[in-house]
Amino acid sequence: MNKFFLYNTLSRQKEVFKPKFENDIRMYVCGPTVYDHPHVGNARPLIVFDLLFRILQKLYKSENVTYVRNITDIDDKIIETSQKQNIEIGQLTKIVTKYFHDDCLYLGCLNPNVEPKATEHISEMIELTKKLIELNYAYVESGHVYFDVMKYEDYGKLSNKKIDELVAGSRVEISEIKKNPVDFVLWKPSTDQEPGWNSPWGKGRPGWHLECSAMSEKYLGKEFDIHGGGLDLIFPHHENEIAQSNCANSTDSFAKYWMHNGYVTVNKQKMSKSLGNFITIDELKSKYDGQVLRLAMLSTHYRQPFDWNDKILEDAKKILGKWYEFYSQETIEINEENLNPLLDDLNTPLYISNLHSLYDKASKGDRQSAMQLSSSCKLIGLFNKDLETWSSSTISKLIDENEIKNLLHERNIAREQKNFAKSDQIRELLNSKGIAIEDKDGKTNWKYK
RNA sequence: GGCCACGUGGCGGAAUGGUUACGCAGAGGAUUGCAAAUCCUUUUAUUCCAGUUCGAUUCUGGACGUGGCCUCCA
């Protein structure tokens, strides 16, 4: 096997991937906070880390790879949304989790091995907090528990930040009861209107970063291989996770490789809920097969920004339509040459360009290339449905098939009579209904555009 | 203000110290009643300025520009 390179945010360079444990690859990816429909920006880490999961499974065998992706179902945004929409929290998180799962399915993502929910791990979080207090990394103040950032000398290592500079920037939450403005909350009190759990510090709820530390430890151990998420999680989320976990466990590595996907942008600006420039994954379903979005996203390297526009999807749709000509149920081993770009920090654009060349060869009748193409598509999560399902997906039928056949018959009579004005008129009519026709070898074929 | 990333042809997007990926679009041709599809051929690029070098788009420094993080965010 060739070396597998991954870019590690911690070292800011590509490193050779060396598993911590033989035949036991462990990867954790930050999942959604379930308060609203996932948007296209959220789709990116889903697709990128699904790809990584698939590659790891290929390199190390499926049974040797554990992929954990959490669901954060307790959070202030959730509380806020539930109050605004006047819906019970449990109900809200259940509904949004369902949306999320539907979207994952649409995008053709494999299920993680474990998908732990924060609310089902409150006791683990309380234990972790207790431990941090015992070890003097955290302190209790009026029902709050804070992590004492000054006690952890490596704080800022991942995000390349200096504590004094963070303090100087006045954007951190100023609070009377914190020792230091950069200290972050591990546990906070809840009012009667807010969800809460009993704890040694009174009824309350966990702070944001705690769930990932607690749940990654439970399912992957104190140290594991890969921790992933979007670029915007580097600070403070991942930085704080590192602080919590390393201090509680007296480790210094926690996750060995930190991987972050770039943003989806709109006119070069980050797609985000707060800017309102987002489009939900759900909105695409009526128009495009999920594979189209997957291919479009993978045609940009995962660390580069992915600028959103309609053309990208149209391009991807066309390409997939072409490639599907060589869809095969059978799967063969992928040539090393074809696989290699993926081993270089998931260079999917280069990988995809090879697929184009396989397509060219396949078109010229090379069966081996056709098989390579089909199998290579499957490796990155494409071709997840057969030709027929693909062809009939996402089509809005404006015209009945019988009617199409009648019109084509009529048109061909007109053509025989050399009444081309009439035949062109019928073609235009069908065209307006989303039907493209091709006269080929004396026959007329039609398809949905 | 601190820190970070990025700047490649009309668009998208890789790679590389020297031989100009790839896709879409465009142009020409074959084919067609005309188209479509397909096939063949083909034009166009490395933000700017210094430096290192025989040679830089690639390395170094600077300028300009864009975006991001420093507050919730994938």
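Letters A, B, ... are given to chains in the order of the sequence lines, protein chains preceding strands, and every chain is numbered from 1.
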Please produce a list of atom pairs where a protein N or O lies less than 3.5 Å from an N or O of nucleotides 25-32 of chain B.
unit_1 : atom_1 : unit_2   : atom_2 : d
B:rA25 : OP1    : A:Lys318 : NZ     : 3.0

Let me know, please, whether A:Gly230 or A:Asp315 comes out on the 5' side of the other along RNA chain B by nearest nucleotide.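 Its nearest nucleotide lies further toward 5', so the answer is A:Asp315.
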On RNA chain B, does the nearest nucleotide to A:Thr300 precede the nearest nucleotide to A:Leu231 from the 5' side, or the other way round? Give the residue.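 Whichever sits nearer the 5' end wins; that is A:Thr300.
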Taking only side-chain N and O atoms of [X], does any of them lie within less than 4.0 angstrom of OP1 or OP2 on [N]?
X	N	value
A:Lys317	B:rC24	no
A:Asn160	B:rC4	yes
A:Lys270	B:rC69	yes
A:Asn309	B:rC11	no

Does [X] pair with [Y] as a salt bridge, N-O distance under 4.0 Å?
X	Y	result
A:Glu438	A:Lys443	no
A:Lys157	A:Glu239	no
A:Arg205	A:Glu194	yes
A:Asp232	A:Lys270	yes
A:Glu314	A:Lys318	no
A:Lys285	A:Asp102	no

Between [M] and [N], how far apart are the [atom1] atoms? Round to whole Å, please.
N	M	atom1	value
B:rA5	B:rC22	C1'	25 Å
B:rG7	B:rA63	C1'	13 Å
B:rG2	B:rC72	P	23 Å
B:rU8	B:rG67	P	14 Å
B:rU19	B:rG26	P	30 Å
B:rU52	B:rC59	C1'	8 Å
B:rG62	B:rC4	P	12 Å
B:rC48	B:rA56	C1'	15 Å

Could you identify which residues of residues 77-100 of chain A place a heavy atom less than 4.0 Å from some atom of RNA chain B, listed by residue number, or say none?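 Heavy-atom cutoff 4.0 Å gives A:Lys77.
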RNA chain B contacts among residues 372-383 of chain A, heavy-atom distance under 4.0 Å: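 Per residue number, the list is empty: none.
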Heavy atoms from other residues, nucleotides or ligands near CG of A:Asn267 exceed 12 (cutoff 6.0 Å):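 Count not over threshold, so no.
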In whole angstrom, give the distance that lies between atom [atom1] of [X] and atom [atom2] of [N].
X	N	atom1	atom2	result
A:Leu298	B:rG23	CG	C1'	15 Å
A:Asn267	B:rC11	CG	P	14 Å
A:Phe306	B:rA14	CZ	P	11 Å
A:Asp36	B:rC72	CG	C1'	14 Å

Short N/O separations, protein against nucleotides 39-42 of chain B, under 3.5 angstrom:
unit_1 : atom_1 : unit_2   : atom_2 : d
B:rC40 : OP1    : A:Lys364 : NZ     : 3.2

How would you label the contact of [X] with the nucleic acid (heavy atoms, under 4.0 Å): base, sugar-phosphate, or nothing?
X	result
A:His301	sugar-phosphate
A:Lys322	sugar-phosphate
A:Lys161	base
A:Glu314	nothing
A:Gly229	sugar-phosphate
A:Val264	base
A:Gly31	nothing
A:Leu46	nothing
A:Ser357	nothing

Would the distance check show the side chain of [X] and the main-chain N or O of [Y] forming a donor-acceptor pair, the cut-off being under 3.5 Å?
X	Y	result
A:Asp148	A:Tyr137	no
A:Ser432	A:Leu429	yes
A:Asn70	A:Gly31	yes

Qualifying residues under ring-ring contact (aromatic ring centres under 6.0 Å, His included), relative to A:Phe100, sequence neighbours excluded: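 Applying ring-ring contact (aromatic ring centres under 6.0 Å, His included) to A:Phe100 gives none.
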Which residues pass the ring-ring contact (aromatic ring centres under 6.0 Å, His included) test with A:Tyr99, sequence neighbours left out?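 Result, ring-ring contact (aromatic ring centres under 6.0 Å, His included) vs A:Tyr99: A:His37.
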Between A:Lys77 and A:Tyr35, is NZ or CZ placed under 6.0 angstrom from the six-membered ring centre and within 45° of the ring axis?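 Pair A:Lys77/A:Tyr35 counts as cation-pi.
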Is any N or O donor-acceptor pair between the side chain of [X] and the base of [N] shorter than 3.5 Å?
X	N	result
A:Asp307	B:rG12	no
A:Arg12	B:rC4	no
A:Arg427	B:rA35	yes

Candidate nucleotides B:rA74, B:rU66, B:rA14, ranked by approach to the side chain of A:Asn347 - the nearest: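 In terms of side-chain proximity for A:Asn347, the closest of B:rA74, B:rU66, B:rA14 is B:rA14.
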Nucleotide of B:rC34, B:rC72, B:rC24 approaching A:Ser274 most closely (side-chain heavy atoms):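 Shortest atom-to-atom distance from the side chain points to B:rC72.
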All side chain to side chain donor-acceptor pair (under 3.5 Å) counterparts of [X], not counting sequence neighbours:
X	value
A:Asn240	A:Tyr155, A:His209
A:Arg415	A:Asn412, A:Asp439
A:Asn246	A:Tyr152, A:Thr251

Angle class for the A:Tyr28/A:His227 ring planes (parallel below 30°, perpendicular above 60°, tilted otherwise)?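 A:Tyr28 and A:His227: tilted rings.
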For Watson-Crick and G-U wobble pairs within 3.5 Å on both distances, what is RNA chain B written in dot-bracket notation, | included for inter-strand pairing? (((((((..(((.....[...))).(((((.......)))))....(((((..]....))))))))))))....
Salt bridge (Lys or Arg N to Asp or Glu O under 4.0 Å): which pairs involve residues 33-53 of chain A, sequence neighbours left out?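 Only A:Asp36-A:Lys273, A:Asp50-A:Arg54, A:Asp50-A:Arg294 qualify under salt bridge (Lys or Arg N to Asp or Glu O under 4.0 Å).
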Which residue pairs satisfy the salt bridge (Lys or Arg N to Asp or Glu O under 4.0 Å) criterion with at least one member in residues 349-378 of chain A, sequence neighbours excluded?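 Those involving residues 349-378 of chain A do not exist here.
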Mind running salt bridge (Lys or Arg N to Asp or Glu O under 4.0 Å) on A:Lys188 and A:Asp76 for me, showing each step along the way? CA-CA 11 Å; A:Lys188 58 182 157 190; A:Asp76 286 3; 3.0 Å; yes
